[in-house]
Enquirer: 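Quick one: the structure is below, and I'll ask about it shortly.
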Amino acid sequence: MKKIVILTGAGISAESGIQTFRGSGGLWEGHDVMEVASPEGWHKNPELVLNFYNLRRKAAAKAEPNAAHLALVELEAHYQTQVITQNVDDLHERAGSSSIMHLHGMLRNVRSSADPSLIYNYGDREIQMGDTCELGSQLRPDVVWFGEAVPMIEPAVALSREADIFIVIGTSMAVYPAASLIHYVPADAPKFLVDPNRPDIGPINNLQIIQKPATTGVRELVDQLIQQANA
Ligand code: OAD
């Protein structure tokens, strides 16, 4: 089976009702991203950061996977399929994808602010000030903030290098290192990008752009790829 690697961003969850990051005047649900998604913001006002992520956690728990998340699962019968997502929601999991790498962490997990290896599944429970890890340190969301390292980037690069087909869905390709993954894909591998707006990614060999929302664009692409696999 050929290998398909799929990089997703906030745009794939937009039609499930989860707001994208750069869609509303640079604000994320009314906040400057540095206030709520950076180590500096956390040190300055941890209550604000916890409340912000508690609201995101609730919103994600209420959202349902959409036709794009669901269509990607159909590829698994025809291709070895790996999702690499920048999203912190669990909509790919709930749609039924079996191999998902979260580059920027997950809303449902919390971690120790002293030891990043102490990670706990909190589900959709709220994190409060005073909730601590077994070492007694305050718990924080297990998400990658601006200015923090992306621990999963090396395995993501390795997967991208091996891709026979690479698909990018709903990401502005503005945040590195995630945006660099497409440059590791073999030059002759077909690449597809589904997004109603064309992200500014410069020239990429063998790239086809499907300028549509995820629910319709991914459906079309999946049908095309399944037809190819059966040909
Ligand atoms: P952005 O908000 O930067 O980009 C969202 C992309 O989705 C844009 O290119 C939109 O055109 C596109 N889009 C909007 N509606 C869509 C739809 N219905 N179907 C398909 N695409 C649609 O979000 P990301 O690129 O995911 O990182 O942002 C990358 C990272 O920046 C996030 O993971 C987050 C953020 O800071 C961290 O939290 C570390």
Side-chain angles (χ1 to χ4, degrees), residues 6-42 49-50 52-53 55-57 59-60 63-72 83-92 95 100-111 116 140-153 156 167-182 191-202 204 207-222:
I6 304 153
L7 174 66
T8 65
I12 195 169
S13 297
E15 290 163 271
S16 294
I18 299 180
Q19 215 187 61
T20 60
F21 297 93
R22 291 170 185 81
S24 40
L27 294 183
W28 184 13
E29 299 280 354
H31 294 277
D32 177 336
V33 286
M34 295 307 279
E35 236 176 45
V36 291
S38 73
E40 294 78 10
W42 171 244
V49 174
L50 289 186
F52 176 79
Y53 279 97
L55 290 174
R56 302 284 72 72
R57 195 170 294 111
E64 294 295 334
N66 64 45
H69 299 100
L70 294 167
L72 292 178
V83 175
I84 301 176
T85 188
Q86 298 168 84
N87 297 343
V88 291
D89 65 52
D90 62 355
L91 296 182
H92 284 299
I100 307 157
M101 178 185 286
H102 281 267
L103 274 186
H104 294 161
M106 286 194 87
L107 278 173
R108 70 180 182 208
N109 290 343
V110 300
R111 75 166 127 110
R140 56 161 275 181
D142 183 30
V143 299
V144 173
W145 286 327
F146 283 99
E148 292 187 317
V150 178
M152 296 309 286
I153 198 66
I167 304 174
V168 177
I169 305 163
T171 168
S172 58
M173 300 291 258
V175 172
Y176 284 81
S180 67
L181 290 174
I182 196 164
K191 299 161 196 84
F192 300 91
L193 189 151
V194 182
D195 199 305
N197 305 297
R198 193 187 199 289
D200 184 15
I201 51 168
I204 302 276
L207 176 68
Q208 187 185 318
I209 296 181
I210 301 168
Q211 207 162 341
K212 293 190 175 168
T215 50
T216 48
V218 174
R219 178 73 266 162
E220 284 174 23
L221 177 57
V222 165

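Just so you know, ligand 1 is whichever comes first in the structure, and atom 1 is the first atom listed for that ligand. Just so it is clear, the values below take in all heavy atoms, side chains as well, and ignore hydrogens, waters and symmetry mates.
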Enquirer: Return a yes/no value for P199: is any of its N or O atoms, backbone included, closer than 3.5 angstrom to an N or O of ligand 1?
Expert: no
Enquirer: Just which atoms of ligand 1 are under 4.0 Å from any heavy atom in F146?
Expert: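 So the answer, numbered in order with elements, is 36 (O).
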Enquirer: Just jot down the ligand 1 atoms closer than 4.0 angstrom to any heavy atom of E15, in number order.
Expert: 17 (C), 18 (N), 19 (N)
Enquirer: For a side-chain contact (heavy atoms from CB on, under 4.5 Å) check, start with the C-alpha distance between V168 and K191, then their side-chain angles and the critical distance, and finish with the verdict.
Expert: CA-CA 8 Å; V168 177; K191 299 161 196 84; over 6 Å; no
Enquirer: Are side-chain heavy atoms of L50 and P141 found at a separation under 4.5 Å?
Expert: yes
Enquirer: Regarding R140 and E148, does a basic nitrogen lie under 4.0 Å from an acidic carboxylate oxygen?
Expert: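 A salt bridge links R140 with E148.
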Enquirer: Examine G170 against ligand 1 and note whether any of their N/O atoms are separated by less than 3.5 Å.
Expert: yes
Enquirer: What part of T171 sits under 4.0 Å from ligand 1 if we count only heavy atoms: the side chain, the backbone, both or neither?
Expert: both
Enquirer: Could you tell me if any non-hydrogen atom of V143 lies under 4.0 Å from any atom of ligand 1?
Expert: no
Enquirer: Does a side-chain heavy-atom distance below 4.5 Å link I204 with L193?
Expert: no
Enquirer: Side chains of I18 and N87: does their closest heavy-atom pair fall under 4.5 Å?
Expert: no
Enquirer: For ligand 1, indicate whether the residue W145 contacts it via side chain, backbone, both or neither (heavy-atom separation under 4.0 Å).
Expert: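 The answer is neither; W145 stays 4.0 Å or more away.
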Enquirer: May I ask you to test the L103-I84 pair for a side-chain heavy-atom distance under 4.5 Å?
Expert: yes
Enquirer: If hydrogens are left out, which of A14, P196, S172 has an atom nearest to atom 22 (C) of ligand 1, that is, the closest non-hydrogen atom?
Expert: P196
Enquirer: Under 3.5 Å, N or O to N or O, is V194 touching ligand 1 that way?
Expert: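 No, no N or O pair falls under 3.5 Å.
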Enquirer: I'd like to check whether N197 has a polar contact with ligand 1, where a contact means an N/O of the residue lying under 3.5 Å from an N/O of the ligand.
Expert: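 Yes; the residue has a nitrogen or oxygen that sits under 3.5 Å from a nitrogen or oxygen of the ligand.
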Enquirer: At a non-hydrogen distance cut-off of under 4.0 Å, which region of Q86 contacts ligand 1 (side chain, backbone, both, or neither)?
Expert: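 Both backbone and side chain of Q86 come within 4.0 Å of ligand 1.
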Enquirer: Hey, are the side chains of H69 and I12 touching, using non-hydrogen atoms and a 4.5 Å cut-off?
Expert: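 They are in contact (side-chain heavy atoms under 4.5 Å apart), so the answer is yes.
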Enquirer: Answer yes or no for V144: is there a heavy-atom contact with ligand 1 below 4.0 Å?
Expert: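 Distance cut 4.0 Å: V144 passes for ligand 1.
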Enquirer: Which label fits W145 and Y53: parallel for a plane angle under 30°, tilted from 30 to 60°, or perpendicular past 60°?
Expert: tilted
Enquirer: Check ligand 1 against G9 and write out every atom of the ligand that is under 4.0 Å from a heavy-atom position of the residue.
Expert: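 By the 4.0 Å cutoff, the relevant atoms are 26 (O).
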Enquirer: Given A174, A214, A178, G217, which has its nearest heavy atom closest to atom 19 (N) of ligand 1?
Expert: A214
Enquirer: N/O to N/O below 3.5 Å, does that happen between P213 and ligand 1?
Expert: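 No; every N/O pair is 3.5 Å or more apart.
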Enquirer: Given 3.5 Å as the limit, does a donor-acceptor pair link the side chain of S16 with the main chain of E64, or not?
Expert: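 Such a contact is found between S16 side chain and E64 backbone.
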Enquirer: Determine whether L7 and M173 make a side-chain contact, defined as any pair of heavy atoms from C-beta on separated by less than 4.5 Å.
Expert: yes
